[in-house]
Amino acid sequence: MADMVTPERVGERFLAVFHRLRRAADERMTASGLSLARTKVLRHLAESGPVRPGALASVCGVVPHSITDIVDGLERDGLAERQPDPADRRAKLIRLTDKGAAALTTAAATREHLLNTLFGALDAAERQNLLDLLDRLDTALISLSAGDAPAPAGPASAAQAPEGTTSHVNA
């Protein structure tokens, strides 16, 4: 029964497509001057205004050391800057620069083009069906994360994301 459509087979295919999508997005974003992680940080700065690095790390789902590396790169490229926190002069705030806002506009256009090209390959009914299925999967994942569903025993049952994907960076 090699043709049987098992949850594992669907999951493996989903992870492979997801990995390829992330790679394509990151390659296109990098070509436009930003990675997915850097774009996420800039997008948050654009939405929230200046923020402390710890809060930025938390919102972006990365560890403080990673946010330091990302902010260092953004600052080096003139896309963000550290400034004193008026509430606590010992602390720093990260602020989006005008150059960062311009880069974010370019990155958003790149991202929009990629998503329109990819999901434009589906008609409206297929997109709605995919959206409904993703909502169901997300609900199942939330339940699993909340501990509502028991995890199967054994290392063979542990699904792993393909190498190079990270759950902490979402664009």
Side-chain angles (χ1 to χ4, degrees), residues 5 7 9-53 55-83 93-142 145 159-171:
V5 181
R9 181 175 171 203
V10 173
E12 290 295 329
R13 182 72 176 126
F14 176 83
L15 290 174
V17 171
F18 172 78
H19 179 65
R20 200 170 3 272
L21 171 62
R22 292 285 299 205
R23 191 172 359 162
D26 211 27
E27 286 170 0
R28 282 160 182 80
M29 298 300 286
T30 300
S32 72
L34 294 172
S35 67
L36 287 172
R38 289 171 57 144
T39 300
K40 184 175 185 178
V41 169
L42 291 179
R43 195 167 52 226
H44 180 71
L45 292 173
E47 292 169 0
S48 70
V51 65
R52 286 186 179 182
L56 188 58
S58 178
V59 167
C60 292
V62 298
V63 295
H65 178 73
S66 293
I67 205 66
T68 299
D69 291 344
I70 292 168
V71 170
D72 285 348
L74 292 171
E75 193 169 38
R76 191 173 38 255
D77 293 342
L79 305 176
E81 66 182 10
R82 291 175 173 93
Q83 61 185 38
L93 295 176
I94 311 304
R95 183 186 78 78
L96 183 68
T97 64
D98 291 341
K99 185 177 178 183
L104 188 56
T105 299
T106 300
T110 301
R111 180 179 179 271
E112 181 179 343
H113 181 272
L114 173 67
L115 295 177
N116 283 331
T117 300
L118 178 64
F119 294 103
L122 305 174
D123 65 33
E126 291 169 327
R127 287 192 300 269
Q128 184 60 55
N129 189 36
L130 179 57
L131 195 58
D132 293 342
L133 292 170
L134 290 171
D135 286 345
R136 285 179 59 193
L137 291 173
D138 195 33
T139 299
L141 188 58
I142 290 168
S145 296
Q160 293 182 345
E163 183 178 325
T165 62
T166 56
S167 61
H168 66 277
V169 177
N170 300 323

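Here, residue 1 is the first one in the sequence, and each next residue gets the next number.
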Subject >> L134 and F14: CA distance, side-chain angles, deciding distance, side chain to side chain contact (heavy atoms under 4.5 Å, CB included) verdict >> reply: CA-CA 11 Å; L134 290 171; F14 176 83; 4.0 Å; yes
Original post:
So T30 and L34, side chain to side chain contact (heavy atoms under 4.5 Å, CB included) or not? Walk me through it.
Top reply: CA-CA 5 Å; T30 300; L34 294 172; over 6 Å; no
Original post:
Considering only heavy atoms from C-beta outward, does the side chain of V51 approach that of L93 to under 4.5 Å?
Top reply: no
**OP:** Look up atom NE2 in H65 and atom CD1 in I67, then write down how far apart they are to the nearest 0.5 Å.
**Re:** 11.5 Å
**OP:** Could you tell me which residues satisfy side chain to side chain contact (heavy atoms under 4.5 Å, CB included) with L114, sequence neighbours excluded, listed by chain and number?
**Re:** L21, A25, R28
**OP:** May I have the step-by-step check of side chain to side chain contact (heavy atoms under 4.5 Å, CB included) for Q83 and E81, ending in yes or no?
**Re:** CA-CA 6 Å; Q83 61 185 38; E81 66 182 10; 4.2 Å; yes
Subject >> CA sep, side-chain torsions, deciding dist, call: R38, D26, salt bridge (charged side-chain N to carboxylate O under 4.0 Å, His left out) >> reply: CA-CA 10 Å; R38 289 171 57 144; D26 211 27; over 6 Å; no
Subject >> Close side-chain approach of R43 and R111, heavy atoms under 4.5 Å >> reply: yes
Subject >> Test log, rule side chain to side chain contact (heavy atoms under 4.5 Å, CB included), inputs D138 and I142 >> reply: CA-CA 6 Å; D138 195 33; I142 290 168; 4.0 Å; yes
Subject >> Evaluation steps, salt bridge (charged side-chain N to carboxylate O under 4.0 Å, His left out), between D77 and K99 >> reply: CA-CA 9 Å; D77 293 342; K99 185 177 178 183; over 6 Å; no
Original post:
Only one of I94, L45, L79 forms a side-chain contact (heavy atoms from CB on, under 4.5 Å) with V71, so which one is it?
Top reply: I94
Original post:
Tell me, do I70 and L74 make a side-chain contact under 4.5 Å, heavy atoms counted?
Top reply: yes
**OP:** Over all heavy atoms of both residues, which pair between A121 and E126 is shortest? Give the atoms and the distance, please.
**Re:** O-OE1, 4.4 Å
Subject >> Which atom of L42 lies closest to which atom of G100, heavy atoms considered >> reply: CD1-O, 4.0 Å
Original post:
Got a sec, which residues hit side chain to side chain contact (heavy atoms under 4.5 Å, CB included) with R13, two or more places apart in sequence or on another chain?
Top reply: V17, R20
**OP:** Check for a donor-acceptor pair, side chain of T68 on one end and backbone N or O of P64 on the other, with a separation under 3.5 Å.
**Re:** yes
Original post:
Is D98 atom CG crowded by more than 12 heavy atoms from other residues, nucleotides or ligands, each under 6.0 Å away?
Top reply: no
Original post:
Does D72 pair with R82 as a salt bridge, N-O distance under 4.0 Å?
Top reply: yes
**OP:** Write down the atom of C60, the atom of K40, and the distance for their closest heavy-atom approach.
**Re:** O-NZ, 3.2 Å
Original post:
Distance-only, no hydrogens or angles: does the R127 side chain make a donor-acceptor pair with backbone N or O of L122 under 3.5 Å?
Top reply: yes
**OP:** Find the distance between CD (E112) and OG1 (T117) and round it off to the nearest 0.5 Å.
**Re:** 10.0 Å
Original post:
Any side-chain heavy atom of M29 sitting closer than 4.5 Å to one from S35?
Top reply: no
